[in-house]
Amino acid sequence: MPLEFNFGGFNPGAFSQGPEGEAYTPPPRPHKPKKQRKPIGNAFTRVLINLGVTLLFGLIYFYLELPALNLHAEDFYVFAFLLCAVYCITAVFTSGFQGTGFKGYFAFVKKQCTIPFLVFVALIATIAVGSISSWVVLRAGSYSELLPLETGDFATEVEEISYDQIPMVDKDSAQRLGTRKLGELADMVSQFEVQDDFTQINYKGRPVRVASLGYADLIKWFTNRSEGLPAYLVVDMVTQDVEVVRLSEGMRYTPAEHFSRYLPRHLRFHYPTMMFADPVFEINEEGTPYWVCPRMVKTIGLFGGVDVKGAVLVNAITGESEYFEEVPGWVDQVYIAQLIMQQYDYYGMYHNGFINSIFGQRDVTVTTQGYNYIAINDDVYMYTGVTSVTSDQSNIGFLLSNQRTKETKFYPSAGATEASAQASAMSQVQQMRYVATFPLLLNIADQPTYFMSLKGEDGLVKMYAMVNVQQYSIVSTGGTVAECEQSYRKALAHNGLINEGETEVEPSDRAEFSGKITEIRTAVMDGDSYYFIRLETMPAFFRLNAAKNPLAVILNVGDEVTIGFRGDDVDAEIISADTVSRPGTKAPVLEVPAEEPSADETLTDAVAPAESSADDLPVTETPAA
């Protein structure tokens with residue numbers, strides 16, 4: 001007898017048997033066919049709607065992301081793929097989702113999106129072919145020829161430069177000085193901020209760094225945009241003087257703007273097919289602000305061999321722009337330092353073939369991890385070291401590359417790497433715990449010499465150091481460049497690298513004024529005491545650092561003195577002087593011991609040269625807002 005279960009009056013077996021006890025199957029529910037959505041209008045109307053939606057999306061995306069309409073630009077393919085996807089999705093909506101099952105829907109979509117599908121396939125094929133044609137494994141020889149390279153002789157081709165041409169201010173220090181200067185201007189400090197570009201250029205024969213201003217925030221942009229940015233900053237890299245150059249008409253086309261005055265958007269609308277590197281702020285010899293926008297091209301296949309071909313110059317005030325394949329002579333920064341280093345690395349790695357770069361590695365070289373700039377013949381040159389790929393302890397030479405023309409020379413000079421030179425310099429003043437900046441290469445007595453600054457914990461430069469490239473145990477330090485060089489030349493003579501007669505530093509472009517003191521003023525700046533002295537023979541004030549010129553402390557009005565300074569500062573209102581003496585006596589020169597410099601000798605308001613290590617190459621398309 002089968003067991004029966006009753007769950008609270010509910011018997012499931014009752015639904016499985018008929019009236020006579022036979023098995024019972026409930027009738028199936030009636031199946032309603034899925035209702036098909038009706039298409040919108042006729043075929044022509046649907047195509048117009050699809051194209052309209054796609055065009056609207058494309059305009060918004062182009063306005064915001066600013067892709068270059070160029071087959072060499074990676075962002076162009078992203079833009080094209082998105083347009084195809086938007087057209088297909090719109091076509092499915094306007095045609096009513098007709099079809100049954102996966103195959104039915106696929107056949108329907110394929111019928112509605114045949115043209116976008118073919119475009120998509122063509123783009124994929126183009127990317128594949130372009131990537132293979134740009135593959136370094138197949139094109140190693142082409143990559144190694146990107147940078148035309150010559151070999152030079154350092155002692156004969158690189159002249160000794162005067163003190164007024166040696167950059168004393170690096171980018172970090174220039175930012176500090178610029179921000180401090182802007183903070184002194186009550187009408188600007190709350191409305192604007194200093195941008196962090198600080199481009200190094202030669203301006204009227206002087207090495208300077210220039211930077212534009214930006215709006216402090218969006219509200220400040222709304223309240224000031226009609227007048228534009230009212231000024232830019234010029235930081236003298238030798239005297240560390242900061243000048244705020246006020247403009248009669250403000251700058252309206254900068255990366256700090258929005259909408260149509262946003263510089264990358266302004267560029268893209270005028271040059272839709274060009275690819276640009278990051279714009280560089282410069283001023284011409286008349287002081288007119290410009291944006292130098294290097295045009296980037298791909299020279300190997302579709303995506304390889306990044307190089308520069310001219311630049312677009314944009315007037316920051318009016319927005320007028322013009323493309324120059326050969327830029328004017330006043331332009332200093334066209335070829336990016338990272339690009340030059342990348343192209344040399346291609347040469348160093350692949351000039352003996354791709355296989356050799358992996359197996360054997362005969363004569364494989366690379367650039368060191370850093371660079372700096374120096375002014376030579378009214379052009380800005382980038383310096384970086386070259387080392388073997390199998391060694392990180394010594395350099396085999398270094399590069400000097402013209403940032404305007406890309407003229408590059410390799411100078412063989414076996415010696416210490418920049419990192420080794422920095423460590424050697426810091427060991428001389430280890431009790432001070434100073435940090436050495438990235439070196440600059442100078443010619444001192446025909447000797448390749450690393451010149452660097454030693455910064456304290458406050459970020460300000462306390463001393464300068466010179467290290468011989470070939471014998472980096474030869475190190476000298478000083479509170480000024482002149483003191484440092486004097487000590488360095490003596491060290492070279494002591495080691496037999498130069499004659500005793502070459503130890504004296506040749507004054508360059510020096511001037512002296514003698515006369516009776518008519519006025520003395522004092523001020524404390526950055527912890528140092530300065531004396532401002534006016535002579536009866538000169539209307540300007542001479543500024544003297546008391547730590548370096550103790551005689552200034554005991555001078556009185558009416559005393560006869562002789563003041564030495566750099567001759568090209570004669571027309572300034574305040575002249576930075578470096579020596580003071582009484583008639584008939586020689587101006588004292590502070591000797592800084594190489595081993596243990598005194599605290600007084602390290603106090604200086606100077607700032608030193610050093611450039612950041614290379615970042616990722618900022619190429620491809622103009623960035624979006």
Output yes when a side-chain donor or acceptor of Thr384 lies under 3.5 Å from a complementary backbone atom of Gly370, and no otherwise. yes

Going through the distances and angles, do Leu69 and Phe79 end up as a side-chain contact (heavy atoms from CB on, under 4.5 Å)? CA-CA 9 Å; Leu69 305 182; Phe79 183 43; 4.0 Å; yes

Steps toward side-chain hydrogen bond (donor to acceptor under 3.5 Å, both in side chains) verdict (Gln333, Thr199): CA-CA 8 Å; Gln333 296 279 356; Thr199 311; over 6 Å; no

Nearest heavy-atom approach of Ala231 to Val244 is CB-CG1, 3.8 Å

Under the side-chain contact (heavy atoms from CB on, under 4.5 Å) rule, what do Arg268 and Phe62 come out as? Steps first, then yes or no, please. CA-CA 9 Å; Arg268 178 58 64 229; Phe62 184 81; 3.5 Å; yes

Candidate pair Ser401 and Tyr335, rule side-chain hydrogen bond (donor to acceptor under 3.5 Å, both in side chains), full reasoning: CA-CA 9 Å; Ser401 180; Tyr335 288 88; over 6 Å; no

Closest non-hydrogen contact found for Lys309 with Val297 is CB-CG1, 3.9 Å

Straight-line distance of Phe198 CZ to Ser173 OG, nearest 0.5 Å: 10.5 Å

If you compare all heavy atoms of Tyr530 against all heavy atoms of Asn545, which two are closest, and at what distance to 0.1 Å? OH-ND2, 3.5 Å

Trace of the side-chain hydrogen bond (donor to acceptor under 3.5 Å, both in side chains) decision for Ser134 with Lys298: CA-CA 9 Å; Ser134 307; Lys298 310 289 182 69; over 6 Å; no

For Glu157, does the CD atom sit with more than 12 other heavy atoms under 6.0 Å from it, leaving out its own atoms? yes

List the steps, then state whether side-chain hydrogen bond (donor to acceptor under 3.5 Å, both in side chains) holds for Tyr215 with Glu257. CA-CA 8 Å; Tyr215 300 98; Glu257 282 287 350; 2.9 Å; yes

Does Gln175 use its side chain to pair, donor to acceptor, with the backbone of Asp196 at less than 3.5 Å? yes

Go through it in stages, so that I can follow the logic: the residues are Arg489 and Glu160, the test is salt bridge (charged side-chain N to carboxylate O under 4.0 Å, His left out), and I'd like the CA-CA distance, side-chain angles, deciding distance and then a yes or no. CA-CA 13 Å; Arg489 285 177 178 266; Glu160 296 188 38; 3.1 Å; yes

Mind checking whether Phe542 and Phe513 have parallel, tilted or perpendicular rings, split at 30° and 60°? tilted

Donor-acceptor pair, Thr437 side chain versus Ser453 backbone, under 3.5 Å? yes

Are Val292 and Leu313 packed together at the side-chain level, in the sense that at least one heavy-atom pair is separated by less than 4.5 angstrom? yes

Side-chain heavy-atom pair Asn372, Pro167 within 4.5 angstrom cut-off: no

Give the intermediate values and the outcome of salt bridge (charged side-chain N to carboxylate O under 4.0 Å, His left out) for residues Arg180 and Glu184. CA-CA 7 Å; Arg180 182 188 305 168; Glu184 299 173 0; over 6 Å; no

Can you tell me how the ring of Tyr411 sits relative to the ring of Phe154, calling it parallel under 30°, perpendicular over 60° and tilted otherwise? perpendicular

Drop me the distance from Glu286's CD to Trp330's CH2, to the nearest 0.5 angstrom. 9.5 Å

When you measure from the side chain of Gln343 to the backbone N and O of Val306, does any donor-acceptor pair fall under 3.5 Å? yes

Using modelled atom types and a 3.5 Å cut-off, is there a donor and acceptor pairing between side-chain atoms of Glu407 and backbone atoms of Asn402? no

What distance separates Ile340 CD1 from Met382 CE, expressed to the nearest 0.5 Å? 6.5 Å

Are side-chain heavy atoms of Lys409 and Val158 found at a separation under 4.5 Å? no

Would you say the rings of Tyr344 and Tyr347 are close, in the sense that their centroids are separated by under 6.0 Å? yes

Tyr271 versus Ser321: any side-chain heavy-atom pair under 4.5 Å? yes

Where do Asn443 and Ala155 come nearest, in terms of heavy atoms and distance? ND2-O, 3.8 Å

Do any N or O atoms from the side chain of Arg252 and from the backbone of Arg225 form a donor-acceptor pair under 3.5 angstrom? no

Apply side-chain contact (heavy atoms from CB on, under 4.5 Å) to the pair Met274 and Tyr323, showing each step before the final yes or no. CA-CA 11 Å; Met274 288 188 181; Tyr323 170 68; 4.0 Å; yes

When rounded to the nearest 0.5 Å, the distance separating CG of Asn202 from CG of Asp332 is 5.0 Å

Please report the C-alpha distance between Trp291 and Phe276 in whole Å, then the side-chain angles of each, then the deciding distance to 0.1 Å, and finally whether the ring-ring contact (aromatic ring centres under 6.0 Å, His included) criterion is met. CA-CA 12 Å; Trp291 293 98; Phe276 295 102; over 10 Å; no

A cation-pi test, strictly: NZ or CZ of Arg265 under 6.0 Å from the centre of the six-membered ring of Phe259 and no more than 45 degrees from its axis. Yes or no? no

Please report the C-alpha distance between Gln447 and Tyr488 in whole Å, then the side-chain angles of each, then the deciding distance to 0.1 Å, and finally whether the side-chain contact (heavy atoms from CB on, under 4.5 Å) criterion is met. CA-CA 11 Å; Gln447 293 288 320; Tyr488 178 68; 4.3 Å; yes

For the residue pair Tyr464 and Phe451, categorise the inter-ring angle as parallel (less than 30°), tilted (30 to 60°) or perpendicular (more than 60°). parallel

Quick one: does any side-chain atom of Tyr203 pair with a main-chain N or O of Val234 as donor and acceptor, under 3.5 Å? no

With the side chain counted from C-beta on, respond yes when Asn315 and Tyr290 share a heavy-atom pair under 4.5 Å apart, and no when they do not. yes

Does Glu282 pair with Arg404 as a salt bridge, N-O distance under 4.0 Å? no

Out of curiosity, Leu218 CG to His258 NE2, how far, rounded to the nearest 0.5 Å? 5.5 Å

Can you find a heavy atom in the side chain of Arg209 that is under 4.5 Å from one in the side chain of Leu177? no

Taking atom CD of Glu325 as the centre, does the number of heavy atoms from other residues, nucleotides or ligands within less than 6.0 Å exceed 12? no

Look only at the side chain of Gln403 and the backbone of Asp379, and say whether a donor-acceptor pair between them is shorter than 3.5 Å. no

Side-chain (Thr179) to main-chain (Arg176) donor-acceptor, under 3.5 angstrom: no

Taking CG in Asn377 as the centre, count heavy atoms belonging to other residues, nucleotides or ligands within less than 6.0 Å. Is the count above 12? no

Are the side chain of Tyr232 and the backbone of Gly287 linked by a donor-acceptor contact shorter than 3.5 Å? yes

Approximate separation, where rounding is to 0.5 Å, of Asp345 CG and Thr365 OG1: 8.0 Å

Would you say Leu399 and Val386 make side-chain contact, with heavy atoms under 4.5 Å? yes

Under 4.0 Å between a side-chain nitrogen and a carboxylate oxygen: does that hold for Arg543 and Asp241? yes

Hey, does Phe398 have a side-chain heavy atom less than 4.5 Å from the side chain of Ser413? yes

When the ring planes of His266 and His270 are compared, do they come out parallel, tilted or perpendicular, using 30° and 60° as the limits? tilted

